[in-house]
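As the structure is a prediction and not an experimental result, all values here were calculated from the model. In the text below, chain A, chain B and the rest are named by the order of the sequence lines, each starting its count at 1.
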Protein chains: 2
Amino acid sequence: MAYEPRIDAMVERFKVLGDKTRLRILVLLQGRELRVCDLTEVLSISQPGVSQQMRRLHKAGFVNERRGGQWIYYTLNMENSLLALLIPTLPKSEEDEKKIMMSKGCPT
Amino acid sequence: MAYEPRIDAMVERFKVLGDKTRLRILVLLQGRELRVCDLTEVLSISQPGVSQQMRRLHKAGFVNERRGGQWIYYTLNMENSLLALLIPTLPKSEEDEKKIMMSKGCPT
DNA sequence: TAATTATATAAGCATATTATTATATGTTAA
DNA sequence: TTAACATATAATAATATGCTTATATAATTA
């Protein structure tokens with residue numbers, strides 16, 4: 001493939017990773033699937049805020065989404081080789097883990 | 001180490017990688033050392049522009065610098081594990097390679 | 001069907017980012 | 001010491017980013 005689109009894609013991927021909110025989301029997604037409504041609580045940002053971040057993560061190929069009833073479930077896309085490479089290097093937050101466990105979130 | 005400073009450092013590293021100019025610099029630094037004046041020509045940005053990017057790359061631990069006379073020589077810091085992991089995944093630009101070879105740059 | 005809940009999109013604002021120009025610092029050599 | 005060249009820092013302007021609120025779309029359930 002030509003150079004320009006490839007380097008631009010790399011830049012975009014790193015831009016997506018270069019944001020605290022999005023990194024926190026990726027870390028939280030390890031080992032579980034989450035919905036937008038689960039994340040609003042943990043991250044303390046608005047629903048549209050989370051929704052926009054998920055769209056960005058999805059567009060970059062870092063997360064898969066599937067609709068399940070009225071929810072959309074997001075999971076890590078471990079087939080993404082960059083993500084597979086980097087995920088093990090990301091620090092986990094006990095704080096965020098606690099919050100996600102405690103949260104009654106959106107009802108099941 | 002505590003979580004916050006670690007995740008913040010990761011975010012900063014990815015931010016540094018999430019810029020086309022800086023990625024081009026890292027790719028060009030593979031296998032050679034370069035000075036600011038070498039890069040201004042290839043990148044077509046001003047000397048202070050390059051200087052600022054190099055400072056950012058250095059602060060993030062991606063490049064080493066050493067003074068040699070009136071110049072400062074930059075090299076990749078392959079001891080940086082994130083960089084070591086990612087460098088092989090970056091596409092090279094024949095265009096940029098040509099330019100760096102051709103360039104009379106700053107005299108030796 | 002109408003009401004409720006989840007998510008997406010649009011517009012707007014505050015802040016961050018990347019370049020520029022102007023100027024200062026540091027090194028070499030006449 | 002002075003002139004010439006390389007690099008660094010400061011101030012600034014244009015653009016990008018990440019959130020917000022308001023509103024639209026989609027699925028569920030009374």
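Every residue two or more places apart in sequence or in another chain was checked for a side chain to side chain donor-acceptor pair (under 3.5 Å) with Asp19(A), and none qualifies. For Arg66(A), the salt bridge (Lys or Arg N to Asp or Glu O under 4.0 Å) test picks out Glu33(A), with sequence neighbours left out. Contacts of Gln30(B) classified as side chain to side chain donor-acceptor pair (under 3.5 Å), with partners at least two apart in sequence or in another chain: none.
Between the side chain of Arg22(B) and the main chain of Gly18(B), no donor-acceptor pair closer than 3.5 Å is present.
The residues Glu12(B) and Arg56(B) are annotated as salt-bridged, a charged nitrogen and a carboxylate oxygen being separated by less than 4.0 angstrom.
Each end of the helix from dT1(C)-dA30(D) to dA30(C)-dT1(D) yields a helix axis from five base pairs, and these two axes differ in direction by 20° (to the nearest 10 degrees).
Pro88(B) and Leu83(B) get closest at one heavy-atom pair: CD-O, 4.4 Å.
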Evaluate salt bridge (Lys or Arg N to Asp or Glu O under 4.0 Å) for Lys99(A) paired with Glu94(A), printing each intermediate quantity in order.
CA-CA 9 Å; Lys99(A) 275 191 219 156; Glu94(A) 285 199 30; over 6 Å; no
Would you check, one step at a time, whether the test side-chain contact (heavy atoms from CB on, under 4.5 Å) holds for Arg35(B) with Ile72(B)?
CA-CA 6 Å; Arg35(B) 300 157 293 181; Ile72(B) 292 175; over 6 Å; no
side-chain contact (heavy atoms from CB on, under 4.5 Å) between Gln47(A) and Ser51(A): does it pass, once the steps are laid out?
CA-CA 6 Å; Gln47(A) 175 271 314; Ser51(A) 182; 3.8 Å; yes
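A heavy atom lying under 4.0 Å from DNA chain D marks the following residues of residues 47-67 of chain A, by number: Pro48(A), Gly49(A), Gln52(A), Gln53(A), Arg56(A), Arg67(A). Listed by residue number, there are no residues of residues 7-28 of chain A with a heavy-atom contact under 4.0 Å to DNA chain C.
Of the listed nucleotides (dT20(C), dG26(C), dA6(C)), dT20(C) has the atom at the smallest distance from the side chain of Ile45(B).
Spacing between atom CG of Leu39(A) and atom C1' of dA6(C) amounts to 13 Å, rounded to whole angstrom units. Distance Ile72(B) CD1 to dT27(C) C1': 10 Å, rounded to the nearest Å. Taking atom CZ of residue Arg35(B) and atom P of nucleotide dT27(C), one finds them 17 Å apart after rounding to whole Å. When the C1' atom of dT28(C) is taken as reference, atom CH2 of Trp71(B) falls 9 Å away, rounded to whole Å.
With contacts defined as side-chain heavy-atom distances shorter than 4.5 Å, the pair Met10(A)/Lys20(B) does not qualify. Proximity of Leu34(A) to Thr75(A): side-chain heavy atoms (C-beta onward) are nowhere separated by under 4.5 Å.
Nearest-nucleotide positions on DNA chain C place Gln70(A) closer to the 5' end than the other of Gln70(A) and Tyr74(A).
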